[in-house]
Amino acid sequence: MKKSRILLVIAALVCVAFCGNAYAQSTVGHNRLTPANKTNHKVNTLKVLFTGDLHSCADRYGRLVSFINKERNSAVENGYEVITLDAGDMAMGSIYSAFYEIDATEYRLLAYAGYDAFVFGNHDFDLGLTSLSYMLYNSRIQGNDKNPTTGKSMVFPVNVTANIDGGDDKNFSNALKFIGHQRFFIFNKGNLRVAVFGLLGNNAYNVSNVAGKMSFQDPVEVAKKLLPSIKAQKPDIIICLSHSGAALRDKSEDARLARECPDIDLIISGHDHEALFKPYMVGNVPIVSAGSNGTVIGEADLFKSKDGVTLQDYELKAVPEDIAPDAGALFLANMLKMKVVEQFEKRYHSSPFEVMDTVKTQLSVNTDSTGFNPMAYDIAKAIFNCAYFLKEVPKDTSRLVSIVPKGVIRQNLPQGPVTYEDVFNILSLGRDSRKNPGYPVILCYLTGKELKAICEYNVSAAPENPDTYMTFYGMNYTYNPVMPKLFRVKDVYVHGKKVEASALYPVVTDLYTANCISLVDKKSHGFLSLTPKTKDGKEILDIERSCPLRGNAEGWFLDNADIAEWYAYALYLRDKVDLPDSYPVPAGKAEPSYIPFVIWGVAAVALIAVLYFLIRTLRRRRK
């Protein structure tokens, strides 16, 4: 492995040495083309280049930066003013995010690629406010602020997240000041004044690791209060970077933003990972989105006239597979890759790029129309196997249940050779208490009544937030879809036996899901409540430190470290574990019936009749 790391460094240096001159006149950093270079000037027209949800896509950095430069150069040569923006979640989601706070590669890439502004996404906070603060500081020290091809200082994009601040967290508050955080910023692009502000959505904040730990305000209310101040600066164009999402269309947060803030000329949406190939129009406000992981970039042409701002053209362009990678971006990625290989080898005794299984058929992350999610079901089997293999539960697993929500799964399991990196990228979020990458697998106990509450959440509340939809191994239920919400689940079964309301059942899941169990109570307005417990039925106060499964067996960790969910899945695939299907699949079986309404109707008629005769009797007595 030492040889491979040396080769990576040599390759990176060769790229810079031989390709650097070719990029010296690119649009990176301080070498952006100026209006004096333009021909065929497009009067009052702004080309907006944008991305979102890049998620530490280091493998694509070289080609992504090359394509951004190519499109920016072409736009400038054709007379456009150009601005480059990102809609949040630059970090987390790949094996390279393990060095997020130390190297700050993701933030440095935005600077190197010539971005003007960006907004924070929920996953930028995955490692906590302290780690994010270190990342922001480390981006500017020890030469990290230097352009790898020219050696000159880079211009970092402005963070414009308007509805957050550090609150009582001094580190984060100071880090925001250090990078020049602004609630909005006016960019002078030729003869156009372009105002850009950003918002972190309610849902994005609520599912983040910092919910309740920093100052946060409703994004739409903040936008309504901020827009008068922005308009007082007399901008020609107003753009909002909204890490909220528009996938729910009329019910989405971005649709609400557009309805209540019609003065916004363009909303660039993130969070949902949706590639909008046509703008989603809410009134006169276009909402656009460029998917995720640096596979496409968005281009929107805004024309300013005396009548206002119009969207003249819009297109998503795939980053070409055959485009020559940018030398500097490739250098950043290769240096990062070298560190990842070294640290991975120390901890897991293998390369992250080692093939550990071959998959015959791709497993999809998408939930089908019946409620079955193949990827989540396979992972549920893997963590069930983990709990059994590590002897954390008795050999009789007839009461053991595993739970996996859709939101923790980042991508499909590809067909063909599968590496440790592939598996990590599927379950790449979070860290354990020792800051090792990946959410740990945890074991707690819930009552049969609480298991029923989880199933009730699945059929009553999860449809409004698909990422929270849960897949089970070992548990199934029946429900009546015509009943009112929170009254739909009829019966719950664990390994074929109907649950006992007061009995305790061991549940294996990941730390993120365990911490989010409170959402069940919140989404049901307190009607459904869950309290993770020990096997003795006592409430668990510190899930992160009390519940993780720890390696103590041959083939797993030997240092009693927390078992990450991704690693449990990797070993499940590596060892070709074959668990029987937990029937029925999918877990929820709909049994529509109007009999309850008939019974309620009869009861209501009977009650009305009783009240009628009582009132009649009382009146007769008074006479």
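The minimum heavy-atom distance between D254 and I287, with the atom names listed, is O-CD1, 3.6 Å. A pairwise comparison of heavy atoms in G294 and L64 identifies O-CD1, 4.0 Å as the closest pair. Here the closest heavy-atom approach between residue A333 and residue A58 is recorded as CB-O, 3.5 Å. Contact record, L266 with A300: CD2-CB, 4.2 Å, taken as the closest heavy-atom pair. Nearest heavy-atom pair, P437 versus W566, reported as atom, atom and distance to 0.1 Å: O-NE1, 3.4 Å. In plain terms, the two heavy atoms of A290 and V296 that are nearest each other are O-CG2, 3.1 Å.
K189 contributes a side-chain N or O that, together with a main-chain N or O of V82, makes up a donor-acceptor pair within less than 3.5 Å. A side-chain donor-acceptor contact under 3.5 Å links D124 to the backbone of M90. Distance alone, capped at 3.5 Å, is enough to place a donor-acceptor pair between the Y205 side chain and the G212 backbone. When atom types are taken as modelled, the side chain of N144 and the backbone of S139 share no donor-acceptor pair closer than 3.5 angstrom. Without hydrogens or angle criteria, S428 side chain to G93 main chain gives a donor-acceptor distance under 3.5 Å. Judged by distance alone, the side chain of S56 and the main-chain N or O of M92 form a donor-acceptor pair under 3.5 Å. Proximity of a side-chain donor or acceptor of S66 to a complementary backbone N or O of D326 within less than 3.5 Å is detected. Checking side-chain atoms of S289 against main-chain N and O of S269 turns up a donor-acceptor pair under 3.5 Å. Judged by distance alone, the side chain of S74 and the main-chain N or O of E71 form no donor-acceptor pair under 3.5 Å. Between the side chain of N412 and the main chain of V365, a donor-acceptor pair closer than 3.5 Å is present.
Taken to the nearest 0.5 Å, the CD1 atom of I237 stands 12.0 Å off from the CZ atom of R193. With rounding to the nearest 0.5 angstrom, the CZ atom of R72 is 3.5 Å from the OG1 atom of T84.
T367 and N373 are linked by a side-chain donor-acceptor pair at a separation below 3.5 angstrom, with hydrogens and angles left out of the test. Using a 3.5 Å distance cut-off with no hydrogens or angles, the side chains of Y280 and D250 do pair a donor with an acceptor. A donor-acceptor contact closer than 3.5 angstrom is absent between the side chains of T468 and K406.
A 4.5 Å side-chain heavy-atom check between N163 and L200 finds at least one atom pair inside the cut-off. Taking the side chain as every heavy atom from C-beta outward, F197 and I230 approach each other to under 4.5 Å. Using a 4.5 Å heavy-atom cutoff, the side chains of N174 and Y137 are in contact. Residues L429 and Y439 are in side-chain contact: their nearest non-hydrogen atoms beyond the backbone lie under 4.5 Å apart. Using a 4.5 Å cut-off on side-chain heavy atoms (C-beta onward), D169 and K213 make no contact. By the 4.5 Å heavy-atom criterion applied to side chains, P148 and L332 are counted as neighbours. Two residues are said to be in side-chain contact when any heavy atoms from C-beta on lie closer than 4.5 Å; V160 and F184 fail this criterion. Annotation: side chain of L311 is in contact with side chain of L302 (closest heavy-atom distance under 4.5 Å).
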Let me see the working for N159 and L136 under side chain to side chain contact (heavy atoms under 4.5 Å, CB included), right down to the final yes or no.
CA-CA 11 Å; N159 182 273; L136 297 175; over 6 Å; no
Apply the test side chain to side chain contact (heavy atoms under 4.5 Å, CB included) to residues T51 and Y115: give CA-CA distance (whole Å), side-chain angles for both, the deciding distance (0.1 Å), then the verdict.
CA-CA 10 Å; T51 55; Y115 281 77; 2.8 Å; yes
Pair V207-Y512, side chain to side chain contact (heavy atoms under 4.5 Å, CB included): steps then yes or no:
CA-CA 9 Å; V207 300; Y512 177 81; 3.2 Å; yes
Evaluate D126 against R431 for salt bridge (charged side-chain N to carboxylate O under 4.0 Å, His left out), listing each step before the verdict.
CA-CA 8 Å; D126 270 6; R431 284 190 175 182; over 6 Å; no
Is there a salt bridge (charged side-chain N to carboxylate O under 4.0 Å, His left out) between K47 and E315 once you walk through the steps?
CA-CA 11 Å; K47 183 173 285 291; E315 185 178 6; over 6 Å; no
Report the C-alpha separation of D116 and V194 in whole Å, then their side-chain angles, then the decisive distance to 0.1 Å, and conclude whether the side chain to side chain contact (heavy atoms under 4.5 Å, CB included) test is met.
CA-CA 11 Å; D116 293 283; V194 184; over 6 Å; no
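Counting non-hydrogen atoms of other residues, nucleotides and ligands closer than 6.0 Å to NZ of K225 gives a total of 12 or fewer. Under a cut-off of 6.0 angstrom, the local environment of CG in D168 is sparse, with at most 12 non-hydrogen atoms contributed by other residues, nucleotides or ligands. Crowding of D467 atom CG: a count of heavy atoms from other residues, nucleotides or ligands under 6.0 Å exceeding 12.
Tested against D86, the residues L54, I268, L241 include a single side chain to side chain contact (heavy atoms under 4.5 Å, CB included) partner, L54.
Here R256 does not pair with E253 in a salt bridge; the nearest charged N to carboxylate O distance is not below 4.0 Å.
For K304, the side chain to side chain contact (heavy atoms under 4.5 Å, CB included) test picks out N44, L192, D236, V309, with sequence neighbours left out.
Residue pairs satisfying the ring pair (Phe, Tyr, Trp, His ring centres under 6.0 Å) criterion with at least one member in residues 288-319, sequence neighbours excluded, are absent.
Note: F120 and F172 have tilted aromatic rings, judged against thresholds of 30 and 60 degrees for the angle between ring planes.
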Expected list for residues 271-279: side-chain donor-acceptor pairs under 3.5 angstrom, two or more places apart:
residue, atom, partner, partner atom, Å
H271, ND1, N122, OD1, 3.1
H271, ND1, H243, NE2, 3.4
H271, NE2, N203, OD1, 3.0
D272, OD2, A246, N, 2.9
D272, OD2, A247, N, 2.7
H273, NE2, D53, OD1, 3.4
H273, NE2, H55, NE2, 3.0
E274, OE1, R249, NH1, 3.1
E274, OE2, R249, NH1, 3.3
E274, OE2, R249, NH2, 2.7

